[in-house]
Amino acid sequence: MTFIQPNKKFKFNASLVNLVLGVLVVGVAAGVFGMVAFYNSTVNLSHDIATAKAELDSIGAQNTTLNNEILAATTGAQFTNLAGPDGLVAVSNPQYFQESQDPQTKQWQLASQ
């Protein structure tokens, strides 16, 4: 006896469809989790950069203050007050050592005397 089954087309395999849907759901969930983690690390990096910039600005302000203090201490009356106790005086026309231009006798005058 022959059984005839009309309109027999491709029959979907339920387990294959469930497997494909399961893989897609897991993939989408992993992608969403990865994007949230990436966003979180980006925000943390942005906050760290802002903190570093604020610290750099603070250090720059301290550097400017120190430079101003050094400049104030080494000019004018402050410099004279610092140099006076050690017996240092300001010379308006300093005399420097002369070096001979002759390569054969190139010696320091002070050392050759």
Side-chain angles (χ1 to χ4, degrees):
M1 191 176 249
T2 303
F3 293 100
I4 300 174
Q5 297 176 352
N7 297 328
K8 183 176 182 182
K9 294 184 179 179
F10 179 74
K11 190 176 186 182
F12 288 110
N13 189 357
S15 62
L16 179 63
V17 171
N18 288 339
L19 177 67
V20 169
L21 287 176
V23 168
L24 288 175
V25 167
V26 168
V28 168
V32 167
F33 179 75
M35 292 303 289
V36 168
F38 178 71
Y39 175 75
N40 189 22
S41 65
T42 303
V43 169
N44 286 341
L45 182 62
S46 175
H47 287 291
D48 291 343
I49 289 172
T51 303
K53 281 184 180 180
E55 184 177 348
L56 185 62
D57 289 342
S58 172
I59 290 171
Q62 291 173 355
N63 186 28
T64 302
T65 304
L66 288 175
N67 283 339
N68 289 339
E69 289 177 7
I70 289 171
L71 185 62
T74 58
T75 57
Q78 291 290 335
F79 185 68
T80 306
N81 291 340
L82 289 174
D86 293 330
L88 301 174
V89 294
V91 177
S92 60
N93 294 323
Q95 295 178 359
Y96 299 103
F97 295 114
Q98 299 295 323
E99 182 180 11
S100 174
Q101 297 300 323
D102 185 17
Q104 298 293 335
T105 60
K106 197 167 193 179
Q107 299 175 355
W108 293 341
Q109 287 185 358
L110 182 65
S112 64
Q113 293 177 355

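Computed from a predicted structure; not experimentally measured. In this chain, residues are counted from 1 in sequence order.
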Which ILVMFWY residues can you reach from [X] by hopping between side chains whose heavy atoms are under 4.5 Å apart?
{"X": "Val25", "value": "none"}
{"X": "Val26", "value": "none"}
{"X": "Leu45", "value": "Ile49"}

Note to self: Go through it in stages, so that I can follow the logic: the residues are Leu21 and Val17, the test is side chain to side chain contact (heavy atoms under 4.5 Å, CB included), and I'd like the CA-CA distance, side-chain angles, deciding distance and then a yes or no.
What the structure shows: CA-CA 6 Å; Leu21 287 176; Val17 171; 4.1 Å; yes
Only pairs at least two apart or in different chains count here, so list each side chain to side chain donor-acceptor pair (under 3.5 Å) that has a residue in [range].
{"range": "residues 15-24", "value": "Asn13-Ser15"}
{"range": "residues 23-39", "value": "none"}
{"range": "residues 20-32", "value": "none"}

Margin query: Under the rule for side-chain contact (heavy atoms from CB on, under 4.5 Å), what residues qualify as partners of Gln62, not counting sequence neighbours?
Written below: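 Partners of Gln62 under the side-chain contact (heavy atoms from CB on, under 4.5 Å) test: Ser58.
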Next item on the list: Keeping the roles fixed (side chain from Thr65, backbone from Ala61), state whether a donor-acceptor pair exists under 3.5 Å.
Entry: yes
Check: Hey, what do you get for CG (Asp48) to CG (Asn44), rounding to the nearest 0.5 Å?
Finding: 6.5 Å
Check: Taking atom CG of Leu66 and atom CD1 of Ile70, what is their separation to the nearest 0.5 Å?
Finding: 6.0 Å
Checklist line | Partner set under side chain to side chain donor-acceptor pair (under 3.5 Å) for Ser41, not counting sequence neighbours | finding: none
Notebook entry, point to check: Is the closest side-chain heavy-atom distance between Leu24 and Val20 below 4.5 Å?
Noted result: yes
